[in-house]
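Worksheet: the structure to be examined is printed underneath.
When a ligand or atom number is given, it counts from 1 through the structure's own listing order. Values in this document were obtained by computation on a predicted structure and should not be read as measured data.
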Amino acid sequence: MINVFQPTLGEAEVAAVAEVFAGGWLGRGARTDAFEAAFAAHLGVDRPRLRSISCCTEGMFLAMELLGLGEGDEVILPTISFVGAGNAVAACGATPVFCDVDRRTLNATVEDIEAALTPRTRAILLIHYGGVPAPIAEIAALARDRHVRLIEDSACSIASFVDGRACGTFGDIGVWSFDAMKILVSGGDGGMLYVADPELAARTEGLTYLGLETRSGLAGSASSDRWWEFEISSFARRSIINDVTSAIGLVQLERLPEFLQRRRVVHARYDVALRHLDWLETPPEPAPGARSSYYFYWLQLDPSLRDRLARFLLDRGIYSTFRYYPLHLVSLYGSRASLPNAEAAAQRTLCIPLHQGLTDEDVDSVIDGIGAFGRTLGLAA
Ligand SMILES: Cc1ncc(COP(=O)(O)O)c(C=O)c1O
């Protein structure tokens, strides 16, 4: 089976985990500190603004809390977003206002967001679809002009930059995912939270660890002789990662350039082989100055063919999928929006295998499978 997404883990990760086991301390500690510092350097942000978290979904829930969003507030998000984004907004009591996206990039445009703005809009929760940056500088400027907060779900865009600035760092808050299907994995789950405002960032330590404001467990203790006493500043959850996770993440971060290079090559091979097929469209190029993470490779084709192609590939042992089913069509959100581009894209788009573990033979199999499908149906080359 050729997977659509797949992590790459090897001896270096195993050795890093073995070292943590040998050290006897598995919990949050030096490895996690080092992972946060290395990730801050990767993004080009100050270390205190970054905090590791249990997963990206939790990061979006935390973002709602940090920004004080709730009842009566509206949060705009592209309907082509991960379900955790919609849940984070709805669970805090705010109203998710789903906006349309560009038909080809599946990213929200400035116009899409402007069309969804109302006097009740308090925040925008943006995704960079497939790792290709949305027009983030323009959207950040719009958010500033309208006094609206900007949160970036950067789960797809771990190595996406616009004019040298990392996606996820343009707004008030950015979140990343290291779950099992991401480019960089930290074992099974993990994430990172960036908070631009230093005062707000200082709150993340307590907010991700039971409301305790210091790590030692001595917070608020009446006397340092009684290290079991404490005070809390909020009724917070426990959203931290541990040194096993961080040890894997550290190795993966070092390997990230190698992963990206392979993904770039696979992406380019698909482009060359598939671009000339006039019954499908390949992904558009990123805008000038924008660098992709190459997280998805998506084809767009007539809706009558899309599902048949998926089935044809599956029968050849090639998995494909569509990310992300439009949230305005999910009944629990109660949206009555009509978002024609997203609805059309959801019928026409198929993500095909793209990961650094694909061999040249795998890539050839995918290309051959798509070609064979076209020939079977007598479609023009
Ligand atoms: C765009 C996007 N955002 C957020 C998430 C959630 O990440 P996590 O699994 O770390 O909660 C995912 C996971 O698939 C995702 O694809």
Check ligand 1 against [X] and write out every atom of the ligand that is under 4.0 Å from a heavy-atom position of the residue.
X: Ile127; value: 1 (C)
X: Cys156; value: 1 (C)
X: Ala155; value: 1 (C), 2 (C), 3 (N), 4 (C), 15 (C)
X: Met60; value: 4 (C)

Considering only NZ, NE, NH1 and NH2 on the basic side and carboxylate oxygens on the acidic side, decide whether [X] and [Y] come within less than 4.0 Å.
X: Arg275; Y: Glu285; answer: yes
X: Asp33; Y: Arg51; answer: no
X: Asp364; Y: Arg269; answer: yes

Which of Phe98, Phe296, Trp298 passes ring-ring contact (aromatic ring centres under 6.0 Å, His included) with Tyr324? It is Phe296

Determine, step by step, whether Phe178 and Phe35 satisfy the ring-ring contact (aromatic ring centres under 6.0 Å, His included) criterion, reporting the C-alpha distance in whole Å, the side-chain angles of both residues, the deciding distance to 0.1 Å, and the verdict.
CA-CA 12 Å; Phe178 312 131; Phe35 185 36; 5.3 Å; yes

Item to check | Worked verdict on Phe259 versus Tyr294 for ring-ring contact (aromatic ring centres under 6.0 Å, His included) | outcome: CA-CA 10 Å; Phe259 294 167; Tyr294 304 101; over 10 Å; no

Do [X] and ligand 1 have an N or O pair less than 3.5 Å apart?
X: Tyr324; answer: yes
X: Asp153; answer: yes
X: Ser177; answer: yes
X: Lys182; answer: yes
X: Cys56; answer: yes

Exercise for the section: Please confirm whether Arg165 makes a cation-pi placement over Phe170, using NZ or CZ under 6.0 Å from the six-membered ring centre and within 45° of the ring normal. Expected result: yes

When distances are taken from atom 11 (O) of ligand 1, the protein heavy atom at minimum range is Thr57 OG1, 2.7 Å

Atom 9 (O) of ligand 1 has as its nearest protein heavy atom Asp179 OD2, 2.6 Å

Item to check | Sidechain-backbone polar pair: Arg28 side chain, Ile241 backbone, donor-acceptor under 3.5 Å | outcome: no

Checking heavy-atom distances from atom 12 (C) of ligand 1 to each of Phe82, Tyr129, Trp176, Tyr295, the winner is Phe82

